[in-house]
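Here the structure is laid out as structure tokens; the discussion comes afterwards.
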Amino acid sequence: QVQLVESGGDLVQPGGSLRLSCAASGFALDRYAIGWFRQAPGKGREGVSCIGATIGSPKYADSVVGRFTISKDNGKKMVFLQMNNLKPEDTAIYFCAGGAFPDTGDYCALRATSWYDYWGQGTQVTVSS
């Protein structure tokens, strides 16, 4: 049974940092891509970052380039999203998602939610003074 569990969300002031974690069980991180998505109130789910099975070149939404960094530890079955210089517009529920297709190398889909089969329950990030 595949399970993805996010943690690390919190209330933080603008300019602050958070590190989100995604713990994967029943899911081979070395064979599948992982994506981070977010959903703000009243908005659709937005791709934030993704990383391929073989890592390669992670992808980032334009709005987070230079501020967010995705990484993963295949041995520990953990994926991380380091978020620095947070802005109020980063406020959202953040989800990690497991890719639907195995052995896609360093490819990941940044925007296509349909490319992911498994989703965590989300963790709330609130950026406010």
Side-chain angles (χ1 to χ4, degrees):
Q1 180 182 358
V2 175
Q3 192 172 19
L4 300 174
V5 180
E6 305 93 336
S7 62
D10 205 345
L11 170 63
V12 63
Q13 292 186 345
S17 296
L18 283 175
R19 188 193 197 204
L20 303 185
S21 300
C22 174
S25 58
F27 188 81
L29 279 182
D30 58 347
R31 295 189 63 201
Y32 292 85
I34 286 283
W36 280 100
F37 291 78
R38 67 186 179 187
Q39 188 163 14
K43 295 188 177 181
R45 198 161 290 191
E46 172 193 22
V48 176
S49 180
C50 67
I51 188 167
T54 55
I55 301 180
S57 298
K59 298 178 182 177
Y60 299 93
D62 289 345
S63 59
V64 307
V65 168
R67 300 189 298 122
F68 290 12
T69 303
I70 190 171
S71 62
K72 68 172 182 172
D73 185 327
N74 287 340
K76 294 182 178 179
K77 295 191 175 182
M78 296 290 295
V79 183
F80 306 99
L81 186 68
Q82 177 67 42
M83 306 188 297
N84 298 328
N85 190 21
L86 283 161
K87 303 176 180 181
E89 51 264 41
D90 295 318
T91 295
I93 300 174
Y94 283 70
F95 301 88
C96 67
F101 309 105
D103 304 318
T104 51
D106 62 358
Y107 178 78
C108 63
L110 181 60
R111 296 177 182 84
T113 57
S114 59
W115 204 76
Y116 297 88
D117 254 1
Y118 307 101
W119 293 82
Q121 83 290 347
T123 186
Q124 176 70 49
V125 172
T126 303
V127 185
S128 175
S129 54

Inset, instruction - Under the side-chain contact (heavy atoms from CB on, under 4.5 Å) rule, what do W119 and R45 come out as? Steps first, then yes or no, please. - result: CA-CA 12 Å; W119 293 82; R45 198 161 290 191; 3.3 Å; yes
Is the backbone of [Y] close enough, under 3.5 Å, to the side chain of [X] for a donor and an acceptor to pair up by distance?
X    : Y    : result
K72  : I51  : no
T126 : T91  : no
Y32  : Y116 : no
E6   : Q121 : yes

Grab the two heavy atoms, one from [X] and one from [Y], that are nearest each other, plus how far apart they are.
X    : Y    : value
G9   : T123 : N-OG1, 3.0 Å
S128 : P14  : C-CD, 3.6 Å
E46  : S63  : OE2-OG, 3.9 Å

Under a 4.5 Å side-chain heavy-atom rule over Ile, Leu, Val, Met, Phe, Trp and Tyr, are [X] and [Y] clustered together?
X   : Y    : answer
V48 : V79  : yes
V12 : L81  : yes
L29 : W115 : no
F37 : V5   : no
I34 : Y94  : yes

Inset, instruction - Using a 4.5 Å cut-off on heavy atoms from C-beta on, say whether the side chain of S49 contacts that of V64. - result: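 Of all side-chain heavy-atom pairs linking S49 with V64, none is under 4.5 Å.
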Legend entry - Candidate list M83, M78, Q82, test side-chain contact (heavy atoms from CB on, under 4.5 Å), partner F80, passing option: M78
Legend entry - Candidate list L20, N85, L18, D90, test side-chain contact (heavy atoms from CB on, under 4.5 Å), partner F68, passing option: D90
Only distances under 3.5 Å count here; give the side-chain donor-acceptor pairs of residues 52-60 to other protein atoms, sequence neighbours excluded, each with its distance to 0.1 Å.
residue	atom	partner	partner atom	Å
T54	OG1	G105	O	3.1
T54	OG1	D106	N	3.0
K59	NZ	C108	O	2.7
Y60	OH	I70	N	2.9

Legend entry - Spacing of D73 atom CG and D30 atom CG [to the nearest 0.5 Å]: 11.5 Å
Legend entry - Spatial distance of atom NZ (K77) from atom SG (C22) [nearest 0.5 Å]: 12.5 Å
Inset, instruction - May I ask you to decide if the ring planes of Y118 and F27 are parallel, tilted or perpendicular, using 30° and 60° as cut-offs? - result: perpendicular
